[in-house]
Amino acid sequence: MIVPIVVTLIVILFVTFMIMAQRYKRCPSDRILVIYGKVGGNRAARCIHGGGAFVWPLFQDYAFLRLTPMTISIPLQNALSFQNIRINVPSTFTVGISTDPAIMMNAAERLLGLQPPQIEDMAKEIIFGQLRLTVASLTIEQINQDRESFLEAIRKNVEPELNKIGLYLINVNVTDITDESNYIESIGKKAVAEAVNKAKVDVAEQVKLGNIGESEANREMTIRVAENLAAAEKGKKKAEADRRIYVQNQEADAVKGENLAKAQIAESQAQLDVKQASYLQTAEVAKREALVEIQKAQYKAELERLNAEEVVKQEVEKRKIEILAEAEAERIRREAKGHADAILLKYKAEAEGVRMVLESKAAGYENLVKAAAGDPKSAATLLMVEKIEQIVAKQVEAISNLKIDKITVWDSGHPERGSSTAGFVSNLIKSLPPLQDVAAMAGVELPGYLGKMKAEGSAGAEAVQNSGEGSRG
């Protein structure tokens with residue numbers, strides 16, 4: 001009786017142990033164990049990273065969140081910067097689920113059950129918005145030159161938003177920042193130009209230091225020469241003092257013999273004068289040589305400076321002359337080409353006009369000859385008939401334009417001949433050549449239906465005809 005009870009207890013314990021073993025869940029290091037259901041308190045779930053926990057059947061269940069980082073490419077285009085300049089900021093963000101308890105809880109509430117592509121899409125939307133906000137708060141110089149501050153600003157804006165859904169920012173990598181207006185490229189060119197200018201300034205500074213060093217060397221030389229002159233002067237004074245001592249000693253020994261003393265004094269004086277002259281000569285030669293060297297150095301430095309200035313000046317002037325000459329030659333070439341093209345077009349237009357006029361006249365003359373039944377003489381007569389009105393107008397104009405200041409007519413009042421005054425104007429009109437004669441002058445014979453000259457037998461008519469012939473002549 002006791003044995004079956006013990007066996008039953010053992011079986012119950014074994015089954016209980018197996019059930020407990022199956023419901024005990026261990027959490028791997030690359031995952032977060034989320035236990036949800038009745039977990040106690042006001043919590044929606046319990047998150048465990050590492051270790052394990054018992055999941056009560058019926059009351060609780062579990063799931064895992066992966067801690068594997070996700071790399072998200074953000075090709076941000078036309079983001080508006082603080083200077084209202086649109087730039088392209090392609091970047092790569094690496095995000096993952098954090099093991100911080102608060103962030104793990106956010107991930108359990110918002111990401112549990114989602115696939116990695118869905119999580120990436122959610123994170124991408126957040127990153128796009130916060131990255132545009134970050135770019136809008138910075139100038140292009142701050143973005144392009146201080147990358148650490150830019151990345152820190154991105155992290156400051158993006159990471160809190162990612163934490164809200166259970167993610168945290170692992171790394172940000174901004175590749176190449178560009179803009180359509182080439183503003184960043186212009187900044188680079190400006191930096192290069194500033195570097196070049198700074199190098200030129202450094203070179204000029206070194207040249208200035210060289211000139212200063214040369215001046216210092218010249219001043220040191222002058223000081224050395226002055227010191228040598230002072231040493232020579234000091235030697236001269238010492239020699240003078242020695243001479244005086246020597247003279248005094250000689251004078252003390254004068255008791256031994258005035259003549260011997262005088263001879264020794266004279267000899268000492270001569271030696272002293274020789275030494276003094278030698279010292280003075282040496283000092284003067286050194287002084288003159290030093291002055292010559294100083295003047296040579298100054299002359300050489302000044303000559304090199306003037307040569308450099310003159311060469312630069314001549315090069316600049318030469319370049320100006322070359323540029324002006326090229327510009328003037330180009331202007332003359334263009335003006336000459338334009339003038340030649342204008343003349344050519346003018347002559348072409350004139351030639352085309354003359355050609356068209358001649359062709360029109362030729363066609364008109366051809367039609368006129370055809371209208372005259374192929375008789376060129378009749379066609380010429382018709383042309384002459386058209387010009388009769390103009391010829392008559394010219395004759396009238398010739399009479400009307402006569403400027404007669406004064407006419408004096410002596411009228412004898414002969415009863416048979418009539419008044420000479422009354423016939424003056426009619427005779428003046430008759431002096432014009434008749435129409436038939438004008439046509440004959442042109443080599444054209446007018447047709448008979450235009451009328452003929454009236455024959456007059458009187459002397460007066462003959463006189464008028466003669467007057468007309470004289471006028472024609």
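At least one side-chain heavy atom of E159 sits less than 4.5 Å from a side-chain heavy atom of Y168. Between N171 and V95 there is no side-chain heavy-atom pair separated by less than 4.5 Å. With a 4.5 Å cut-off on side-chain heavy atoms, I32 and I97 count as touching. Side-chain contact between L114 and M122: present, with at least one pair of heavy atoms (C-beta onward) separated by less than 4.5 Å. By the 4.5 Å heavy-atom criterion applied to side chains, F150 and L138 are counted as neighbours. Using a 4.5 Å heavy-atom cutoff, the side chains of V172 and T92 are not in contact. Between V135 and L80 the shortest side-chain heavy-atom distance does not fall below 4.5 Å.
Ion pairing between K348 and E352 fails under the 4.0 Å rule for side-chain N and carboxylate O. Salt bridge status for E330 with R334: present, with a side-chain N to carboxylate O gap under 4.0 Å. Under 4.0 Å is where a charged nitrogen must lie from a carboxylate oxygen, and between E315 and K318 no such pair does. Salt bridge status for E366 with K370: present, with a side-chain N to carboxylate O gap under 4.0 Å. Ionic pairing of K156 and E152 is not present here: no N-O contact between side-chain nitrogen and carboxylate oxygen is shorter than 4.0 angstrom. At a threshold of 4.0 Å, the pair E284-K287 does not count as salt-bridged, since none of the basic side-chain nitrogens sits closer than that to a carboxylate oxygen. At a threshold of 4.0 Å, the pair E317-K313 does not count as salt-bridged, since none of the basic side-chain nitrogens sits closer than that to a carboxylate oxygen.
Although no hydrogens or angles enter the test, the distance criterion places a donor-acceptor pair under 3.5 Å between the side chain of H49 and the main chain of S29. For N106 (side chain) and N163 (main-chain N/O), a donor-acceptor pair under 3.5 Å exists by modelled atom type. Side chain of Q314 to backbone of V311: no donor-acceptor contact under 3.5 angstrom is found. Under a 3.5 Å cut-off, the side chain of T282 and the backbone N or O of S278 do form a donor-acceptor pair. Not one N or O on the side chain of Q130 forms a donor-acceptor pair closer than 3.5 Å with the backbone of I127. No donor-acceptor pair under 3.5 Å is formed between the side chain of N78 and the backbone N or O of R86. Of the possible polar contacts, one joining the T175 side chain to the P90 backbone as a donor-acceptor pair under 3.5 Å is found. Of the possible polar contacts, one joining the R110 side chain to the K164 backbone as a donor-acceptor pair under 3.5 Å is found.
Scanning all heavy atoms of the two residues, the minimum distance from C27 to F64 falls at CA-CE2, 4.3 Å. Considering every non-hydrogen atom in both A45 and M105, the closest pair reads O-CE, 3.1 Å. Between I140 and S81, the closest heavy-atom pair is CG1-OG, 3.9 Å. Nearest heavy-atom pair, P75 versus F128, reported as atom, atom and distance to 0.1 Å: CD-CZ, 3.9 Å.
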(request) For K124 and E120, run salt bridge (charged side-chain N to carboxylate O under 4.0 Å, His left out): C-alpha distance rounded to whole Å, both residues' side-chain angles, the deciding distance at 0.1 Å, then the answer. (result) CA-CA 6 Å; K124 184 180 293 186; E120 289 180 7; over 6 Å; no

(request) Kindly determine whether M70 and L167 satisfy side chain to side chain contact (heavy atoms under 4.5 Å, CB included), including the steps that lead there. (result) CA-CA 10 Å; M70 294 172 286; L167 299 176; 4.0 Å; yes

(request) Check the pair L76 / R132 against side chain to side chain contact (heavy atoms under 4.5 Å, CB included), numbers first and verdict last. (result) CA-CA 8 Å; L76 183 61; R132 286 186 182 275; 3.5 Å; yes

(request) Evaluate the criterion side chain to side chain contact (heavy atoms under 4.5 Å, CB included) for residue pair F93 and L162; output intermediate values, then yes/no. (result) CA-CA 12 Å; F93 285 73; L162 292 177; 5.9 Å; no

(message) side chain to side chain contact (heavy atoms under 4.5 Å, CB included) for V174 and I154? Distances and angles first, verdict last.
(response) CA-CA 10 Å; V174 178; I154 293 174; 4.2 Å; yes

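If you check the side chains of N157 and T134, you find a donor sitting under 3.5 Å from an acceptor. Residues E302 and Q298 have side chains that never bring a donor and an acceptor to within less than 3.5 angstrom of each other.
Note that CD1 of I103 and OG of S98 are 3.5 Å apart. Values are rounded to the nearest 0.5 Å. How far CD1 of I177 is from OG of S91: 9.0 Å, rounded to the nearest 0.5 Å. The line from CD1 of I165 to CG of L111 is 5.5 Å long, rounded to the nearest 0.5 Å. Within the model, atoms OH of Y62 and CZ of R46 stand 14.5 Å from one another, a figure rounded to the nearest 0.5 Å. In this structure, CG in D121 is found 11.5 Å from CD1 in I126, a value given to the nearest 0.5 Å. With rounding to the nearest 0.5 Å, the separation of OH in Y299 from CG in L306 is 9.5 Å.
E148 CD: 12 or fewer foreign heavy atoms inside a 6.0 Å radius. Within 6.0 Å of atom CZ in F82, 12 or fewer heavy atoms from other residues, nucleotides or ligands are found, so the atom counts as exposed in its surroundings. Residue R155 qualifies as enclosed at atom CZ: its count of foreign heavy atoms under 6.0 Å is above 12.
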